[in-house]
Amino acid sequence: MMMSTIYSKTESPANSEVIKGLDQAINTHTSPDPPHPITKAQANDKGKYLDQLKAIEERLREASKADIQFAPEIISFGELPIIRKYTINTIQGREGSHKSRLAELLVSLLLKRREVHKDHFVGFAKNPMERPAVALVDTERNLKDELPFAIQSIKGKAGYNKKEDPDNFKYTSLKPFPRQDRLEVLKTWILHIRETTKQHLVILLDVVTDCVSSFNNEQESMKLFDFIGNLCEDQECTFILIIHENPGGIEAKARGHLGTEAMNKASTALQIGFKKKSNGEPSELIQVKFRKLRRGKRPAPLNLTFSPQANGLIIAPPELVAEVNQEHQEKAPVTEVKDELFWALGRAENGEISRNDATQVITEEINKDKAPDAKDSTSDKTVKRRLIDLEKEPPAWLEVFTGARNAKMYRLVTDTTTTETTERAPVNE
């Protein structure tokens, strides 16, 4: 029988014991219980590692013989699953790009009452068969008015008044705690919530870089993502992480080693930012780009704008999209090609890609939301010229070298020392 690779909303969702379909597959066969985590005492005995590995191999052997039902989506975009259970997901953008507002919109969607119309959520939809608990963990906003206002806004968009408290909505702040203690504080709070509810837990961490002493500390970054990854597997959790991009730079690079690790671990990576006018100034058009989607074809960018009346993001009117696109006199500027090259390298095998392949990938990405015969479409030749210009003064994260048959190649450099600052993005983004 063919493996089922896409969860259907007409099917029963995976039960709470299923981790990406693995345990459900095991339950269809006779096999020993899954192995318990290694204790500290066992860790000192090398033989226990072998026992553990053998048990894991047996678990996988039985699972691989069954039909696999992947974990269901929690949030979709159209018919496309965007955020699935037990995954790490990221939203990144520069300061003032409304990344927090986008994340809060998704939280409101998960909490929304049935009478709240789906059109309020700019094309995102909640799986009606899932009712997760949602935990908001903030690190930046003050506790007097900024964070309370954000919580009030989330509840309002979900259909609650400010006096109501949805039983599946939890929130707190790590701001009062010393940076070096925040990971332990986060652990304590999440495990406390897990003890109080059996619902699947979606955790919004805004911002993840504030949970380590330095976003360039590789050891701390790995420790954080090991913890998050284990929670997804062992504690019925899904994470949405907010990440700041480099301030002042022109590449779409999330900050430091933590940003690099987040891109590697994420099942879905969204990027939000203002589309620039021909003079380089930001327009009122905000684009959400689906930079990474582990299973599924990435959709075209989502065009939004900020509405003061709605105090949030709404679908951009067609006339605004047409006006901004018309202002782009220069096709595929170097800054845009550089951003797209960075993301292409992040998705490339071994972090390497040839100039010819990069040209094709970037051209398709730039033209993604345009009609095939649109006058503002970008040609392969234009993108190739921009790449050649970029090779003359490559950014710190890009290595240019010659590959087989003298092909010009690009490689993603992950161990460069960055000059990123520690300035904080404004609140209520």
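Here the structure is a predicted model, which means the values were calculated and not measured.
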[X] and [Y] ion-paired at < 4.0 Å:
{"X": "Lys275", "Y": "Glu284", "value": "no"}
{"X": "Glu365", "Y": "Arg298", "value": "yes"}
{"X": "Arg411", "Y": "Glu399", "value": "yes"}
{"X": "Lys54", "Y": "Glu57", "value": "no"}
{"X": "Arg141", "Y": "Asp138", "value": "yes"}
{"X": "Lys170", "Y": "Asp165", "value": "no"}

Q. Does any non-hydrogen side-chain atom of Ile190 lie less than 4.5 Å from one of Phe239?
A. yes
**Report entry** Contact check, side chains of Leu106 and Phe124, non-hydrogen atoms, under 4.5 Å
**Finding:** yes
Taking [Y]'s backbone N and O only, do any of them form a donor-acceptor pair with [X]'s side chain (distance below 3.5 Å, no angle check)?
{"X": "Arg84", "Y": "Thr87", "value": "no"}
{"X": "Asp357", "Y": "Ile353", "value": "no"}
{"X": "Arg113", "Y": "Gly159", "value": "yes"}
{"X": "Asp206", "Y": "Ile242", "value": "no"}
{"X": "Arg294", "Y": "Ala266", "value": "yes"}
{"X": "Asn350", "Y": "Glu352", "value": "no"}
{"X": "Lys126", "Y": "Leu110", "value": "yes"}
{"X": "Lys175", "Y": "Glu140", "value": "yes"}
{"X": "Thr188", "Y": "Glu184", "value": "yes"}
{"X": "Thr268", "Y": "Leu293", "value": "no"}

Nearest heavy atoms of [X] and [Y], plus distance in Å:
{"X": "Asn264", "Y": "Lys292", "result": "O-NZ, 3.3 Å"}
{"X": "Cys237", "Y": "Ile203", "result": "SG-CD1, 4.0 Å"}
{"X": "Val212", "Y": "Ser221", "result": "CG1-N, 4.5 Å"}
{"X": "Pro81", "Y": "Glu73", "result": "CB-CB, 3.6 Å"}
{"X": "Ala158", "Y": "Val116", "result": "O-CG2, 3.4 Å"}
{"X": "Lys155", "Y": "Pro166", "result": "CD-CD, 3.7 Å"}

Rounded to the nearest 0.5 Å, what's the gap from [atom1] on [X] to [atom2] on [Y]? Could you check?
{"X": "Trp189", "Y": "Ser173", "atom1": "CH2", "atom2": "OG", "answer": "10.0 Å"}
{"X": "Ile314", "Y": "Leu105", "atom1": "CD1", "atom2": "CG", "answer": "11.5 Å"}
{"X": "Glu104", "Y": "Leu204", "atom1": "CD", "atom2": "CG", "answer": "7.5 Å"}
{"X": "Ile315", "Y": "His120", "atom1": "CD1", "atom2": "NE2", "answer": "12.5 Å"}
{"X": "Phe290", "Y": "Trp343", "atom1": "CZ", "atom2": "CH2", "answer": "13.0 Å"}
{"X": "Glu130", "Y": "Ile74", "atom1": "CD", "atom2": "CD1", "answer": "6.5 Å"}

How about [X] and [Y]: does a side-chain donor come under 3.5 Å of a side-chain acceptor?
{"X": "Asn303", "Y": "Gln287", "result": "yes"}
{"X": "Gln92", "Y": "Thr90", "result": "no"}
{"X": "Thr359", "Y": "Asp380", "result": "no"}
{"X": "Lys112", "Y": "Ser108", "result": "no"}
{"X": "Asn356", "Y": "Ser354", "result": "no"}

Working note: Leu174 + Cys211, criterion side chain to side chain contact (heavy atoms under 4.5 Å, CB included); need CA distance, chi angles, decisive distance, verdict.
CA-CA 8 Å; Leu174 301 184; Cys211 292; 3.9 Å; yes
Set out, in order, the CA-CA distance, both residues' side-chain angles and the distance that settles salt bridge (Lys or Arg N to Asp or Glu O under 4.0 Å) for Glu340 and Lys289, then state yes or no. CA-CA 11 Å; Glu340 297 301 339; Lys289 296 183 178 181; 3.3 Å; yes
Test side chain to side chain contact (heavy atoms under 4.5 Å, CB included) applied to Leu313 and Thr305, step by step: CA-CA 6 Å; Leu313 300 172; Thr305 191; over 6 Å; no
Salt bridge (charged side-chain N to carboxylate O under 4.0 Å, His left out) with Glu245: of Arg291, Arg94, Lys99, only one passes, and it is Arg94
Does [atom1] in [X] sit with more than 12 non-hydrogen atoms of other residues, nucleotides or ligands closer than 6.0 Å?
{"X": "Lys384", "atom1": "NZ", "value": "no"}
{"X": "Asp145", "atom1": "CG", "value": "yes"}
{"X": "Lys223", "atom1": "NZ", "value": "no"}
{"X": "Lys368", "atom1": "NZ", "value": "yes"}

Original post:
So Phe342 and Trp397, would you call those rings parallel, tilted or perpendicular, with 30° and 60° as cut-offs?
Top reply: perpendicular
| query | Between Tyr86 and His200, what is the ring plane arrangement, given parallel below 30°, perpendicular above 60°, and tilted in between? | reply | perpendicular
For this session: I would like to know whether Val107 and Ile240 meet side chain to side chain contact (heavy atoms under 4.5 Å, CB included); could you show each step before the answer?
Result: CA-CA 10 Å; Val107 170; Ile240 302 175; 5.8 Å; no
Please table the atom pairs, donor to acceptor, closer than 3.5 Å between any side-chain atom in residues 387-396 and protein atoms at least two apart or in another chain.
residue: Glu391; atom: OE1; partner: Arg355; partner atom: NH2; Å: 2.9
residue: Glu391; atom: OE2; partner: Arg355; partner atom: NE; Å: 2.9
residue: Glu391; atom: OE2; partner: Arg355; partner atom: NH2; Å: 3.2
residue: Glu391; atom: OE2; partner: Tyr410; partner atom: OH; Å: 2.4

Passes side chain to side chain contact (heavy atoms under 4.5 Å, CB included), Leu304 versus Val288? Steps please. CA-CA 8 Å; Leu304 305 175; Val288 177; 3.7 Å; yes
_Candidate pair Glu220 and Arg179, rule salt bridge (Lys or Arg N to Asp or Glu O under 4.0 Å), full reasoning_ = CA-CA 12 Å; Glu220 287 190 3; Arg179 189 175 290 267; over 6 Å; no
Sequence neighbours excluded, the answer for side-chain hydrogen bond (donor to acceptor under 3.5 Å, both in side chains) partners of Asn367 is none
